[in-house]
Amino acid sequence: MNRDDALALDAADGLASCRARFELPDGLIYLDGNSLGPTPRATAGSVADVVRQAWGKGLVRSWNSADWMQLPRLCGDAIGRLIGAGPGQVVAADSTSVNLFKVLSAAIDASAGGFEIVSERDNFPTDLYIAQGLCAQLGGSHRVVLLDTVDLDTVRAALTPETAVLLLTHVNYRTGVQLDMKRLTDLAHEAGVLVVWDLAHSAGAVPLSVDACGVDFAVGCGYKYLNGGPGAPGFLYVAERHQATFRQPLTGWMGHAAPFAFETEYRPAPDLGRALSGTPSVLALTALQSGLETFDGVDLDALRKKSTDLTSLFIARAIELCAGHGVELVTPMAAPARGSQVCLRHYEAYAVMQALIARDVIGDFRLPDIMRFGFAPLYVRYVDAYDAATILLEVLERREWDRPEYRRRSAVT
């Protein structure tokens with residue numbers, strides 16, 4: 001493939017028009033949507049309208065006239081379409097960490113006496129920290145068991161009568177490995193274990209079918225592929241079959257059956273409203289809503305096909321061009337086994353990434369030696385994948401990374 005071939009693929013791309021839904025500087029190759037999605041063009045106007053009109057003029061009346069109270073459910077149902085969840089099973093609120101605390105606590109509460117949370121050692125740290133903190137709060141009677149690898153055999157062996165919950169991330173943040181949600185969920189259920197899935201690196205890039213897979217609970221964030229803005233609200237999924245018995249620990253007033261009855265005793269809402277805690281963050285949810293609208297009219301199968309085509313193009317070209325420069329592919333070659341990101345190992349990964357960013361190819365770095373490149377199909381072009389590999393070669397050949405300022409670690413990597 002040459003560059004003209006990549007341009008031809010862009011010309012024939014049925015999703016090409018979606019790029020215009022985002023604010024992206026000319027000449028920039030943005031491959032970090034798996035960390036922070038770019039700004040949708042509609043966001044500024046939507047948020048400004050709330051500030052100037054609904055809040056500025058409507059003031060407190062807008063809780064009713066603008067129906068602000070419904071934003072967690074409206075955004076939740078929009079996310080539900082992207083993860084294969086029917087209406088009323090997803091709400092957008094709080095953060096991924098807070099929501100994980102809620103669903104892990106509820107899953108342990110619903111388990112048949114188990115006291116172990118089984119997860120993977122390379123899970124995203126917040127997942128492990130929340131699980132560890134919850135176990136500590138339970139007085140030492142519970143513990144976290146970490147697997148070095150995640151496959152059917154290791155998971156099967158780890159699930160015992162002592163297991164309460166299996167906690168897994170669908171796409172690994174460091175490697176891009178995508179797990180088989182259906183088979184692992186079935187395996188857990190066969191052992192009588194409930195499953196919590198973290199979808200932070202999947203939702204919006206990889207089509208999901210949480211209902212069809214029989215998932216019990218799931219969480220995710222709104223600021224990566226969902227384009228909701230920095231620190232956007234997270235989301236949580238509770239399968240309809242669990243909602244009547246779902247008992248989350250953060251029993252704030254918004255989860256009450258009648259918040260404005262101001263009763264002294266807590267009564268949970270009869271539906272997934274019980275997963276809410278505090279007052280909805282209207283400005284943040286408005287921005288998230290604009291991010292979710294970038295998926296309007298998008299065929300999710302076409303989204304996945306473009307995702308795998310982009311990552312395949314970048315992998316093939318980067319590995320061919322950079323042979324002999326210390327670059328190692330970490331992400332699986334097989335498309336079904338990877339998400340929408342490509343991870344490359346290099347002994348100077350941080351400095352190389354800083355040199356790439358200086359050349360307007362934006363990815364990110366994860367310890368100890370991983371360069372991450374996210375391929376969000378709504379706005380990343382085939383020519384972006386082609387050019388990114390070319391610039392990576394130039395950075396390596398010319399040792400552009402070998403400068404003191406590129407080795408100086410920033411607070412956020």
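Heavy-atom basis, side chains included; hydrogens, waters and symmetry copies ignored.
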Item to check | Residues Lys182 and Asp186 bridged, charged N to O under 4.0 Å | outcome: yes

Checklist entry - Is it true that atom CZ of Arg41 has more than 12 heavy atoms of other residues, nucleotides or ligands lying nearer than 6.0 Å? => result yes

Checklist entry - Just checking, is any N or O donor in the side chain of Ser290 or Ser46 under 3.5 Å from an acceptor N or O on the other one? => result yes

Item to check | Asp211 and Gln89 side chains, donor-acceptor separation under 3.5 Å | outcome: yes

Item to check | salt bridge (Lys or Arg N to Asp or Glu O under 4.0 Å) evaluation trace for Asp387 with Arg3 | outcome: CA-CA 8 Å; Asp387 287 347; Arg3 195 170 190 275; 2.7 Å; yes

Checklist entry - Parallel, tilted or perpendicular: which fits the ring planes of Tyr379 and Tyr30, with parallel below 30° and perpendicular above 60°? => result tilted

Next on the checklist: Taking Tyr225's backbone N and O only, do any of them form a donor-acceptor pair with Asn227's side chain (distance below 3.5 Å, no angle check)?
Outcome noted: yes

Checklist entry - Just wondering, do Ser312 and Ile315 contact through their side chains at under 4.5 Å, heavy atoms? => result no

Next on the checklist: Could you walk me through whether Leu74 and Asp67 satisfy the side chain to side chain contact (heavy atoms under 4.5 Å, CB included) test, starting with their C-alpha distance in whole Å, then the side-chain angles of each, then the deciding distance to 0.1 Å, before giving a yes or no?
Outcome noted: CA-CA 10 Å; Leu74 292 173; Asp67 215 11; 5.7 Å; no

Item to check | salt_bridge(Arg241, Asp216) N-O dist < 4.0 Å | outcome: yes

Checklist outcome for this item: All heavy atoms of Ile357 vs all of Gly363, minimum pair found to be CD1-O, 4.0 Å

Item to check | Between Thr96 and Asn99, a side-chain donor and acceptor under 3.5 Å | outcome: no

Next on the checklist: Please find the pair of heavy atoms, one from Ser340 and one from Val206, that lie closest to each other, and give the distance.
Outcome noted: N-CG2, 4.3 Å

Checklist entry - Which pair of non-hydrogen atoms, one from Leu167 and one from Ser119, has the smallest distance, and what is that distance? => result O-OG, 2.8 Å

Checklist entry - Got a sec: does the CH2 of Trp63 have more than 12 other heavy atoms crowding it under 6.0 Å? => result yes

Checklist entry - Can you list every salt bridge (Lys or Arg N to Asp or Glu O under 4.0 Å) pair that touches residues 347-372, not counting sequence neighbours? => result Arg345-Asp369, Glu348-Arg407, Arg359-Glu394, Arg359-Glu400, Asp364-Arg366, Asp364-Arg372

Checklist entry - Between the side chain of Gln248 and the main-chain N/O of Leu250, is any donor-acceptor distance below 3.5 Å? => result yes

Next on the checklist: Suppose we call two aromatic rings close when their centres sit under 6.0 Å apart. Are Phe375 and Phe314 close by that rule?
Outcome noted: yes

Checklist entry - Which heavy-atom pair separates Leu194 from His242 by the least distance, and what is that distance? => result CD2-CE1, 3.9 Å

Checklist entry - Counting N and O atoms only, with roles assigned by atom type, does the side chain of Ser95 sit under 3.5 Å from a partner on the main chain of Val98, one being a donor and the other an acceptor? => result yes

Checklist entry - In terms of side-chain heavy atoms, does Asp198 have a donor or acceptor partner in His170 at a distance below 3.5 Å? => result no

Next on the checklist: If you apply the rule side chain to side chain contact (heavy atoms under 4.5 Å, CB included), what do you find for Ile108 with Leu134, and how did you get there?
Outcome noted: CA-CA 10 Å; Ile108 288 174; Leu134 177 59; 3.7 Å; yes

Next on the checklist: Set out, in order, the CA-CA distance, both residues' side-chain angles and the distance that settles side chain to side chain contact (heavy atoms under 4.5 Å, CB included) for Trp68 and Val50, then state yes or no.
Outcome noted: CA-CA 10 Å; Trp68 283 344; Val50 171; 4.1 Å; yes

Item to check | side chain to side chain donor-acceptor pair (under 3.5 Å) partner of Lys306, chosen from Asp301, Thr311, Asp13 | outcome: Asp13

Checklist entry - Looking only at side chains, do Arg317 and Thr390 share a donor and an acceptor under 3.5 Å apart? => result yes

Item to check | Exam field: side chain Glu23 to backbone Pro38, donor-acceptor pair closer than 3.5 Å | outcome: no

Checklist entry - Side chains of Tyr173 and Asp127: is there a donor and an acceptor less than 3.5 Å apart? => result no

Item to check | Under-4.0 Å salt bridge between Arg19 and Asp10 | outcome: no

Checklist entry - Side chains of Thr185 and Trp197: donor-acceptor distance under 3.5 Å anywhere? => result yes

Item to check | Whether Arg143 side chain and Glu116 backbone form a donor-acceptor pair below 3.5 Å | outcome: no

Item to check | Side-chain heavy-atom pair Leu15, Val298 within 4.5 angstrom cut-off | outcome: yes

Checklist entry - In terms of ring plane angle, is the pair Tyr347 and Trp401 parallel, tilted or perpendicular, where the classes change at 30° and 60°? => result perpendicular

Next on the checklist: Just so I know, are the side chains of Tyr350 and Leu367 near enough to count as touching, which here means a heavy-atom distance under 4.5 Å?
Outcome noted: no

Next on the checklist: When you compare the side chain of His346 with that of Glu328, does any pair of heavy atoms fall below 4.5 Å?
Outcome noted: no

Checklist entry - Donor-acceptor pair, Lys102 side chain versus Ala275 backbone, under 3.5 Å? => result yes

Item to check | Heavy-atom side-chain contact between Ile130 and Thr126 under 4.5 Å | outcome: yes

